[in-house]
Amino acid sequence: MPLSNATDMTEKNDASVLKQEILEKIREFGADLVGIADPEALKNGPSETLFPMMKDHSRDHFAQEITTGLAHGSVFWEPDAASVIVYAIHQSSDQPELDWWCGEIDPPGNKKLLMISRLLKEYLAKKYPFIHVYPKRYHVERGGLYLKEAAVAAGLGCIGRNNLLVTPRFGPRVRLRAVVISEKLPPDGPSGFDPCTGCPAPCIASCPRKAFSRIIYTSDETGLMHLPGRDGSYYRADCNLEMLKNEDEAVEGVMPEVCDHPEKIIKYCRNCEMNCRIGKP
Ligand code: B12
């Protein structure tokens, strides 16, 4: 075997061993699902491409502060980004409080996701100081990436009719985060999983705002194959109205695991997640 091929083989083996170690560690830190995506597969993906063409609010309160210096909706990639580690935690219907906001304070689920990134960064910094580790922010405007697409490219599932990542084990009832690293690892997806074809879609029928009731985007108009809600029917502005109503209706209370003083406990609508049959016993 020529030397260059032998070296390639060793590098591939090393990358697979490192990958297994990272996947195991991240599960140990509390992730329920994890996979690796190739950043090249994510650059200029459907969400990023659609963003400037969005007909609804493309400038909402989630984007008041753009810290990347890029155009609104554009993803910031570190120059040495070589792999995206995408992980998920299960947001089971038995534990709705994982998703409750305490005023502006992150829900327990988000805290857990953040902790996993932190632990992974610490672990890798100690053991492999030469690897650059970039825990990604939640908001794209603040350095995050489009998590559902990253999860598809990492083999975690597909984007369903409800416009959410649907996973074989937990359906859409997961929350996602990503960590970018400077080491190239073999990617895991996409997986080919698709439970939506032929499903009567109770997820979208249950939307209190009928946010999937008319076509908003078409492939002809946008040049995209992948549209919100698959057929272009997910209308973000309607969905957001429900979430604003949830904020208005929030009742003051205490969540000791999140904050020690009374705050408005916000329970955002999750009908499109809760009414998906996938991942239910
Ligand atoms: C802004 C935002 C919102 C906004 C707008 C949502 C939107 N989709 O535009 C509001 C506040 C309304 C919202 C609502 C909700 N959100 Co939200 N939101 C986000 C955020 C920060 C960015 C999403 C975004 O702007 N997308 C850009 C727009 C242009 O794209 P899009 O509508 O998502 O549609 C694209 C994809 O569906 C894609 N696509 C479709 N099919 C396919 C197929 C393939 C192969 C590919 C590659 C792509 C693809 O193409 C579309 C573009 O053409 C993400 C976190 C993140 N950093 O990714 C969370 C996120 C998407 N939200 C999440 C959740 C859970 C919710 C809610 C259930 C509310 C809640 N209780 O938390 C609802 C559900 C809405 C829905 N059914 O889509 C989760 C989803 C988890 C999951 N299982 O997928 C995320 C990932 C956050 C997290 N912590 O995990 N959200």
Side-chain angles (χ1 to χ4, degrees), residues 33 37 41-42 44-58 60-63 72-73 75 86-91 96 98-101 106-107 109-110 112-114 136-154 156-167 170-178 189-194 196 203-204 206-207 209 211-212 216-219 222-244 246-247 266-276 278-279:
L33 304 172
L42 299 176
N44 306 311
S47 296
E48 191 170 9
T49 309
L50 183 71
F51 210 95
M53 295 184 254
M54 276 207 299
K55 290 180 185 165
D56 37 40
H57 59 163
S58 58
D60 55 22
H61 71 280
F62 296 95
H72 189 204
V75 176
V86 189
Y87 60 95
I89 57 165
H90 182 201
Q91 295 283 99
L98 281 178
D99 204 44
W100 294 350
W101 288 77
D106 271 304
N110 279 9
K112 186 172 174 189
L113 288 164
L114 268 176
K136 298 301 278 180
R137 300 290 301 267
Y138 172 84
H139 290 103
V140 176
E141 297 80 6
R142 297 181 193 165
L145 40 80
Y146 292 100
L147 286 166
K148 294 179 293 176
E149 284 179 25
V152 172
L156 266 52
C158 66
I159 299 182
R161 281 284 285 112
N162 56 7
N163 201 37
L164 294 172
L165 177 83
V166 182
T167 68
F170 308 118
R173 293 166 295 282
V174 292
R175 294 294 177 271
L176 303 163
R177 274 295 166 109
S191 70
F193 171 70
D194 181 5
C196 297
C203 53
I204 64 174
S206 69
C207 176
R209 293 276 166 179
F212 298 85
I216 309 292
Y217 301 101
T218 63
S219 294
T222 61
L224 287 169
M225 223 171 90
H226 300 302
L227 296 167
R230 290 196 174 183
D231 58 1
S233 65
Y234 169 71
Y235 189 39
R236 176 174 171 150
D238 283 345
C239 175
N240 201 46
L241 278 179
E242 186 62 18
M243 295 183 69
L244 293 173
N246 301 149
E247 288 172 14
I266 309 168
K267 302 173 186 178
Y268 286 118
C269 177
R270 298 180 64 191
N271 280 17
C272 55
E273 289 181 78
M274 294 301 190
N275 292 291
C276 170
I278 307 303

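What you see is a predicted model; the values in this text were computed from it and never measured. Position 1 is the first residue of the sequence; numbering continues from there. Whatever order the structure lists ligands and atoms in, that order sets their numbers, starting from 1.
For atom 1 (C) of ligand 1, the choice among M225, R236, E273 with the nearest heavy atom turns out to be R236. With atom 39 (N) of ligand 1 as the reference point, the heavy atom nearest to it among D99, N162, I159, D106 is part of I159. Scanning H226, K267, R175 for the heavy atom closest to atom 46 (C) of ligand 1 points to H226. Between atom 75 (C) of ligand 1 and the options Y234, Y217, W101, the minimum heavy-atom separation is to Y234. Looking at R142, H139, K136, K148, it is K148 that brings a heavy atom closest to atom 33 (O) of ligand 1. Closest to atom 81 (C) of ligand 1 by heavy atom, among V174, L227, L165, is V174. Of the candidates F51, W100, Y138, Y138 brings a heavy atom nearest to atom 89 (N) of ligand 1. Looking at T167, N246, V152, L176, it is L176 that brings a heavy atom closest to atom 86 (C) of ligand 1. Relative to atom 80 (C) of ligand 1, the option among N271, L164, V166, L241 with the closest non-hydrogen atom is L164.
In this structure, the side chain of E48 engages the main chain of V75 through a donor-acceptor pair within 3.5 Å. E149 contributes a side-chain N or O that, together with a main-chain N or O of S47, makes up a donor-acceptor pair within less than 3.5 Å. Without hydrogens or angle criteria, Y217 side chain to Y234 main chain gives no donor-acceptor distance under 3.5 Å. Listed for the K148 side chain is a donor-acceptor partner under 3.5 Å among the backbone atoms of N163. A donor-acceptor contact shorter than 3.5 Å is absent between the side chain of S219 and the backbone of G223. Put simply, the side chain of N275 gets close to the backbone of N271: a donor and an acceptor are under 3.5 Å apart.
For ligand 1, the atoms sitting less than 4.0 Å from at least one non-hydrogen atom of N163 are 8 (N), 31 (P), 32 (O), 33 (O), 34 (O), 36 (C), 37 (O), 78 (O), numbered in the order shown with element in parentheses. Distances below 4.0 Å separate heavy atoms of C239 from the following atoms of ligand 1: 12 (C), 14 (C), 75 (C). Near R270, meaning under 4.0 Å from one of its heavy atoms, ligand 1 places the atoms 71 (N). Interface atoms of ligand 1 facing Y268, defined by a heavy-atom separation under 4.0 Å, are 71 (N).
Contacts with ligand 1 closer than 4.0 Å are made by side-chain heavy atoms of M243 only, the backbone lying farther away. Contacts with ligand 1 closer than 4.0 Å are made by backbone heavy atoms (N, CA, C, O) of L145 only, the side chain lying farther away. At a heavy-atom cutoff of 4.0 Å, ligand 1 is contacted by the side chain of M54 but not by its backbone. Contact annotation: for C269 versus ligand 1, heavy atoms closer than 4.0 Å belong to the backbone alone.
A side-chain N or O of Y268 and one of E247 form a donor-acceptor pair less than 3.5 Å apart.
Residues P172 and N162 approach most closely at CG-ND2, 3.7 Å, considering heavy atoms. Contact record, M54 with R236: CE-NH1, 3.4 Å, taken as the closest heavy-atom pair.
At under 3.5 Å, not a single nitrogen or oxygen of R230, backbone or side chain, sits near a nitrogen or oxygen of ligand 1. For the pair C272 and ligand 1, the shortest N or O to N or O distance does not fall below 3.5 Å.
For A150, the side-chain contact (heavy atoms from CB on, under 4.5 Å) partners at least two apart in sequence or on another chain are L42, V86, L145. Residues passing the side-chain hydrogen bond (donor to acceptor under 3.5 Å, both in side chains) test with N246: none are found, sequence neighbours excluded.
Using a 4.0 angstrom heavy-atom cutoff, P172 counts as in contact with ligand 1.
Checked options L147, L176, V166, V174; the residue passing with L156 is L176 (criterion: side-chain contact (heavy atoms from CB on, under 4.5 Å)).
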